[in-house]
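Values below: all heavy atoms of this structure, side chains included; hydrogens, waters and symmetry mates excluded. Keep in mind the model is a prediction, meaning the values are calculated, not measured.
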Amino acid sequence: MSEEKTVAASVAMLKVLENWGVDHLYGYPGGSFNSTMAALADEKDRLKYVQIRHEQVGAMAASADAKLTGKLGVAFGSAGPGATNLLTGLYDAREDHAPVLALVGQTGTGVMNSHFFQEFNEDPIFEDVSVYCRTVMTAKSLPHVVDQAIREAYQHRGVAVVIIPNDLGYEQIPDLPYGSHGPSDEKKTPKVQPNAAEIDEFLDMVKKAKRPVFHVGRGIQDGGDAIIALSKKLQIPIVMTGLAKGYIDESYEGNLGMSNRAAHKAADEIMASTDLLITIGADFPFADLIYQTHQFKFVQVDNNRVELGRHHNLDLGIWSDATAFVEAALAKATPVPERAFMQAAIADNKNWQDYMKRQEDDQTAPIKPAAIYKQINRIAEQDAIFSIDVGDNIINAFRHMHVSKKQKMVISALFASMGTGLPGALAAKLSYPDRQAIQVAGDGAFSMVMQDLITEKKYHLPIINVITSNTTLNFIKSEQDDVAMYHSGIHLADQNFAKIADGMGVEAVEVRDPADLAAAFDRAVEVTKAGRPFLIDVKISDERTLPVEELQLHQEGDHFVEGINPNYNANLELPQPKNVRDFLNSYGGEDLKTLPEFFESYGVKL
């Protein structure tokens, strides 16, 4: 009888990852993870190990991989601080429903429970962030546990954690095909369909409404054209959540953009006036603010029954795939005559778009953020991938950046983790090496992860890094503007990010004059096309952008009146506006009109 062939348990585990189609993973070595590091050396021709400089970056990049591709992202950390450093990125994945596997080191079984160096009970630490968390107990079970973890991550669209005592990875186990992945796993999940009665009830509610509005989330996926067709047929304007950006053509006049703070003025105003809100495939974290301004009928369509009624009392809940619902409604609906409400919404949106265009064309110093996005739109390739960090850049990207269906955008949406811009760009370039990757981050966010600019250099990743620097945490500064307090903790020490990049061997340029922006972006394109990363450090204004969320609409008799939130400018740092007209003018909005003005022009009656 021949001797049984064996393999190190850690190698068998990595073969499971390969079996599932994983081709790269992120991490930083530690003594408690050496058995897996040894396996990574053995498997280097089949599985790329990307050495990041902080485990948080690795977890964030794995989360971005999953968001961009829908496939599993993988990151690891060693015992102790290597493990805890993963948590922020893992929570980002949890909140945005991204399938991620975290491999976590642990001290060897022989010294566990003895207060050994860097030893602690890791299970409860990861229990909250994960859909599946297990500590491996035997070498033979290691590949099986990882295989199960991957299934759980995919099934629940969340984080699976496997904690690996270091000695177990070295042990020899039978060399068998441990992975369970097969062709059946590639089947598309069947879409939940609406029934005829639900469509009829929905259409009846639309017929009775005077001011219906669609609020559409990323659940719409490939149904962007269908929701536009339904919008036209039923004369219902569209408001998007941020994660739906890129799914629905923003050049469509009835697409009003995003609501709340990172918003378009027309979207906020129309949402505040609706008498029937129809949310489709949207998990909106600000619902308790936006959905509570006034009473309206509420319809919610979602393929996850848990979401139904989560954010507002239901008048009609429909368990259905978003696109399947839209297509069924489109097939059964009869065209609605032109609504004055729809025409007023379109006019309001055009008025806002004209305002944004003027901002983008503004060449005055200091540089305005909108001018940067004009350049990004100009040089972005038709299948570019954008990674936008948390802060004012979310507001400006939502307003000014054009994202088409062929392009992709990745953000930290629900957890809003600062420092995700660079990791997202790493993921973009590693998952889609032939596509242009552009990250945009403020100086506060970039400072948290800028050590990993060297990772771009090390792995020859031609990423365009745009840093918007104004020595201020401007997103928080704007919040503090509206609280009766002094500005506190928001001022940052200035840094020359171009020189920092140069010290890492990354070519860079600093820009202070608006006239130099175009040349800087042209140089970025030239360098990245030659296969090298490039950084643009843009010194920008810290002026607050028009806070459309401060506009408030309320009904008086048979008409609406628009006012300003009484908490606006509570710290009196800005000139105090006397009225809405004064408020809009103070942000260069002399040509902006209020929604009641458009309602009057188009004869919208309440």
Side-chain angles (χ1 to χ4, degrees), residues 23-28 48-54 56-58 60-65 68 372-373 375-381 383-389 393 397 401 407-411 418-469 495-511 516-539:
D23 62 8
H24 67 272
L25 77 172
Y26 309 89
Y28 202 73
K48 182 172 185 175
Y49 159 52
V50 180
Q51 179 202 68
I52 40 72
R53 296 303 181 94
H54 194 290
Q56 175 176 298
V57 170
M60 287 176 169
S63 177
D65 270 328
L68 288 168
I372 297 170
Y373 284 92
Q375 296 301 324
I376 292 173
N377 292 332
R378 179 179 67 85
I379 61 97
E381 296 175 0
D383 63 350
I385 303 174
F386 308 103
S387 180
I388 309 300
D389 216 316
N393 279 308
M401 194 171 73
Q407 295 169 329
K408 289 178 178 286
M409 180 185 74
V410 64
I411 63 171
M418 290 178 69
T420 52
L422 189 154
L426 292 177
K429 206 62 192 171
L430 287 162
S431 290
Y432 298 98
D434 296 328
R435 295 173 67 168
Q436 185 185 45
I438 302 172
Q439 76 120 338
V440 188
D443 45 355
F446 184 65
S447 294
M448 293 184 174
V449 296
M450 63 184 178
Q451 77 284 333
D452 269 283
L453 192 63
I454 194 65
T455 305
E456 297 181 16
K457 169 72 173 178
K458 178 175 181 177
Y459 294 101
H460 310 289
L461 301 175
I463 293 166
I464 296 176
N465 302 274
V466 182
I467 313 306
T468 56
S469 178
Q495 300 179 77
N496 188 322
F497 293 106
K499 284 188 176 180
I500 292 169
D502 182 67
M504 294 188 189
V506 173
E507 295 168 72
V509 64
E510 181 184 278
V511 182
D516 296 332
L517 272 176
F521 276 88
D522 288 343
R523 179 62 179 160
V525 170
E526 180 184 354
V527 171
T528 51
K529 280 188 177 296
R532 304 187 303 277
F534 192 83
L535 183 141
I536 307 173
D537 180 9
V538 190
K539 304 303 182 183

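For the pair Lys429 (side chain) and Ala437 (backbone), a donor-acceptor distance under 3.5 Å is absent. Side chain of Asn377 to backbone of Tyr373: a donor-acceptor contact under 3.5 angstrom is found. When atom types are taken as modelled, the side chain of Gln436 and the backbone of Glu381 share a donor-acceptor pair closer than 3.5 angstrom. Within the 3.5 Å criterion, the main-chain N or O of Ala441 finds no donor-acceptor partner in the side chain of Asp389. Under a 3.5 Å cut-off, the side chain of Asp537 and the backbone N or O of Leu535 do not form any donor-acceptor pair. Under a 3.5 Å cut-off, the side chain of Lys408 and the backbone N or O of Leu68 do form a donor-acceptor pair. Remark: side-chain polar atoms of Thr528 are paired, donor with acceptor, to backbone N or O of Val525 under 3.5 angstrom.
Contact check for Leu422 versus Phe446: side-chain heavy atoms found under the 4.5 Å cut-off. By the 4.5 Å heavy-atom criterion applied to side chains, Pro423 and Gln439 are not counted as neighbours. Between Val466 and Phe521, the closest side-chain pair of non-hydrogen atoms falls below 4.5 Å. Arg53 has its side chain within reach of Ile454: a pair of non-hydrogen atoms, C-beta onward, lies under 4.5 Å apart. No side-chain heavy atom of Val440 sits less than 4.5 Å from a side-chain heavy atom of Met401. Within the 4.5 Å cutoff, side-chain heavy atoms of Asp443 are placed close to those of Phe497. Using a 4.5 Å heavy-atom threshold, the side chains of Lys48 and Leu430 count as touching. With contacts defined as side-chain heavy-atom distances shorter than 4.5 Å, the pair Ile376/Phe386 qualifies.
For the pairing with Arg532, the side chain to side chain donor-acceptor pair (under 3.5 Å) check across Glu507, Glu456, His460 returns one residue only, Glu507.
Tyr26 and Asp65 share a donor-acceptor pair across their side chains, judged by distance under 3.5 Å alone.
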- Message: Evaluate Leu426 against Met60 for side-chain contact (heavy atoms from CB on, under 4.5 Å), listing each step before the verdict.
- Response: CA-CA 10 Å; Leu426 292 177; Met60 287 176 169; over 6 Å; no
- Task: In sequence, state the C-alpha distance, the side-chain angles, and the governing distance for Asp522 and Arg378, and then conclude on salt bridge (charged side-chain N to carboxylate O under 4.0 Å, His left out).
- Result: CA-CA 10 Å; Asp522 288 343; Arg378 179 179 67 85; 3.0 Å; yes
- Message: Run Arg523 and Val509 through side-chain contact (heavy atoms from CB on, under 4.5 Å) and show every step you take.
- Response: CA-CA 9 Å; Arg523 179 62 179 160; Val509 64; 6.0 Å; no
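Of all heavy-atom pairs between Met450 and Met504, the closest is O-CE, 3.4 Å. When every heavy atom of Met418 is checked against every heavy atom of Gly444, the shortest pair comes out as CE-C, 3.7 Å. Scanning both residues, Asn496 and Lys499, for their nearest heavy atoms gives OD1-N, 3.0 Å. Closest approach of Thr455 and Ile52 over heavy atoms only: OG1-CA, 4.0 Å. A pairwise comparison of heavy atoms in Ala520 and Phe534 identifies O-CE2, 4.0 Å as the closest pair. Nearest approach of Lys458 to Gln51, heavy atoms of both residues: NZ-OE1, 2.9 Å.
To the nearest 0.5 angstrom, Gln407 atom CD is 8.0 Å from Ile438 atom CD1. With rounding to the nearest 0.5 angstrom, the CD1 atom of Ile379 is 4.0 Å from the CD1 atom of Ile464.
Listed by chain and residue number, nothing satisfies the salt bridge (Lys or Arg N to Asp or Glu O under 4.0 Å) test with Asp23 (two or more places apart in sequence, or in another chain).
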